[in-house]
Amino acid sequence: MKIIMLGAPGAGKGTQAKMIAEKYSVPHVSTGDIFRANIKNGTELGKQAKEYMDKGLLVPDELTVKILLDRVAQEDCKNGYVLDGFPRTIPQAEVLDKALTELGEKVDYAIDVDVPDENIVNRMGGRRACLKCGATYHVVYNAPKTEGVCDVCGEKLVLREDDKPETVQKRLTVYHDQTQPLIEYYDKKGILKEVDGTVDMNDVFAAICSILG
Ligand code: ADP
Ligand code: AMP
């Protein structure tokens, strides 16, 4: 099963992708996590990606597409995956479709987690991230057991640089300009599924499960 998560930054794509990955035993593939791991490890890719990420801009397609295609070519992805944060542009979606068509495969579902912009700034301001294991929390809606500490690995949690309010506004603009057109792209292919992302995260997950079966 190959699933794409669509939605604005902070809509809950990552939260839901992790739950899907666990229930359906497929890997959770997040391009944002891959970039952050590269930044943490000081790689050349990380240095290049950081320039864009800190400004709330998209990392250029040339850099992004290759890391994604390399990742989904790995053994653990052979029975499917849930993509979180990719594709974010029409050209990215076209490259993925082309690569899958060559393998005789296709995306099964594109799930749009719908959350209006008004809710997003609050979500992002309260998000706390573990840069070691990729776990995500919210200070109110999904608090860690000990404030500021990752439940999974014990690392100190941070407010991501790109979750600061000025950058969030920029990311929302970029989302509407470059990523939202993917909703129509996948609708035309007949695989778009919409869920209300404003409700409790367990209710969002229940709606997704009723789609995936
Ligand atoms: P995305 O991956 O789309 O950027 P996240 O999954 O990281 O978004 O969620 C953004 C923030 O909102 C996180 O702090 C997360 O804990 C919180 N969150 C996710 N889903 C919900 C929800 N349904 N209700 C309230 N808060 C949520
Ligand atoms: P995310 O963790 O999905 O919120 O992504 C954080 C940031 O990484 C984004 O704001 C972009 O700068 C960059 N990024 C992640 N995925 C992509 C992608 N598919 N295309 C371009 N940039 C991306």
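For ligands, and for the atoms within them, numbers begin at 1 and follow the listed sequence.
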Within this structure, what is the CE-OH distance for the pair M201 and Y141, rounded to the nearest 0.5 Å? 9.5 Å

Using heavy-atom distances, let me know which of K13, Q92, R127, K170 sits nearest atom 20 (N) of ligand 2. Q92

Below 4.0 angstrom from a heavy atom of T64, which ligand 2 atoms are there? Numbered from 1 as shown, please. 18 (C), 19 (N), 20 (N), 21 (C)

Is the OH atom of Y52 crowded by more than 12 outside heavy atoms at less than 6.0 Å? no

Nearest neighbour in protein (non-hydrogen) for atom 19 (N) of ligand 2: G85 O, 2.8 Å

For D76, enumerate each residue passing the salt bridge (Lys or Arg N to Asp or Glu O under 4.0 Å) test, keeping only those at least two apart in sequence or located in another chain. R71

salt_bridge(R171, D163) N-O dist < 4.0 Å: yes

Can you check which of Q178, R171, M5 brings a heavy atom nearest to atom 4 (O) of ligand 2? R171

For atom 15 (C) of ligand 2, tell me which residue out of K50, R88, E51 has the closest non-hydrogen atom. R88

Protein residues near ligand 1, heavy-atom distance below 4.0 Å? A8, P9, G10, A11, G12, K13, G14, T15, R123, R127, T136, Y137, H138, Y141, N142, G197, V199, D200, M201, V204

What's the spacing between I39 CD1 and I34 CD1 if we round to 0.5 Å? 12.5 Å

By salt bridge (Lys or Arg N to Asp or Glu O under 4.0 Å) - contacts of E184 (at least two apart): K188

By salt bridge (Lys or Arg N to Asp or Glu O under 4.0 Å), which residues pair with E62, not counting sequence neighbours? none

Sub-4.0 Å atoms of ligand 2 with respect to non-hydrogen atoms of T31: 15 (C), 16 (N), 17 (C), 19 (N)

Only one of L182, T64, T31 passes side-chain contact (heavy atoms from CB on, under 4.5 Å) with Q92; say which it is. T64

CD/E102 to CG/D97 distance, rounded to the nearest 0.5 angstrom? 11.5 Å

